[in-house]
Amino acid sequence: MAVRFSGALKELRIHLCQTSSQSAGVREFIQKHYVSIKKDNPNFPMLIRECSGIQPRVWARYDKGSEKSAALTNLSSNDVLSTIKQLIK
């Protein structure tokens, strides 16, 4: 499973709650995939932000400061990965 960040994508931010069931798939995604993604993209800024009680969400920042985001509420780990792949296209 190789995920390469390139092109106009400049930063990826993931916000999640440390304890809520709505963020369970995001926490599992981080445990399963974060290390391999960082190994494939060692210089790419992929930021993980934890905050109690928030809805999980991912933001992708592109050239010229434009951003897109997607909700990750109640998604499985594989669904989180698919959502991120859609944002990096």
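Keep in mind that what you see is a predicted model, and the values were worked out from it rather than measured. Residues take their numbers from the sequence shown, with the count starting at 1.
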Would you kindly say whether S82 and D79 are connected by a side-chain donor-acceptor distance under 3.5 Å?
no
Among side-chain atoms of T73 and Q22, is any donor-acceptor pair under 3.5 angstrom?
no
Kindly give the heavy-atom pair with the smallest separation between [X] and [Y], and that separation in Å.
X   : Y   : result
Q18 : S52 : OE1-N, 3.4 Å
S23 : C17 : OG-N, 3.1 Å
I14 : V26 : CG2-CG1, 3.6 Å

Using 0.5 Å steps for rounding, measure from the NZ atom of K10 to the NZ atom of K64.
11.5 Å
Separation between CD1 of I84 and CE of M46, rounded to the nearest 0.5 Å
5.0 Å
Note, R57 side chain near W59 side chain (heavy atom, < 4.5 Å):
yes
Are any side-chain N or O atoms of N41 and backbone N or O atoms of V3, one a donor and one an acceptor, separated by less than 3.5 Å?
yes
Name the residue from N78, V58, I37 that meets the side-chain contact (heavy atoms from CB on, under 4.5 Å) definition with F29.
I37
Just to verify, what does N74 make a side chain to side chain donor-acceptor pair (under 3.5 Å) with, not counting sequence neighbours?
none
Does this structure show an ion pair linking R13 with E67, if we count only N-O contacts that are shorter than 4.0 Å?
yes
Shared ILVMFWY cluster between I88 and L47, side chains joined below 4.5 angstrom?
no
For the NZ atom on K38, are there more than 12 heavy atoms of other groups (residues, nucleotides or ligands in this structure) within a distance under 6.0 Å?
yes
Pair T83, L72 - check side chain to side chain contact (heavy atoms under 4.5 Å, CB included), show working.
CA-CA 8 Å; T83 301; L72 303 175; 3.9 Å; yes
For R27, the salt bridge (charged side-chain N to carboxylate O under 4.0 Å, His left out) test, sequence neighbours excluded, returns none
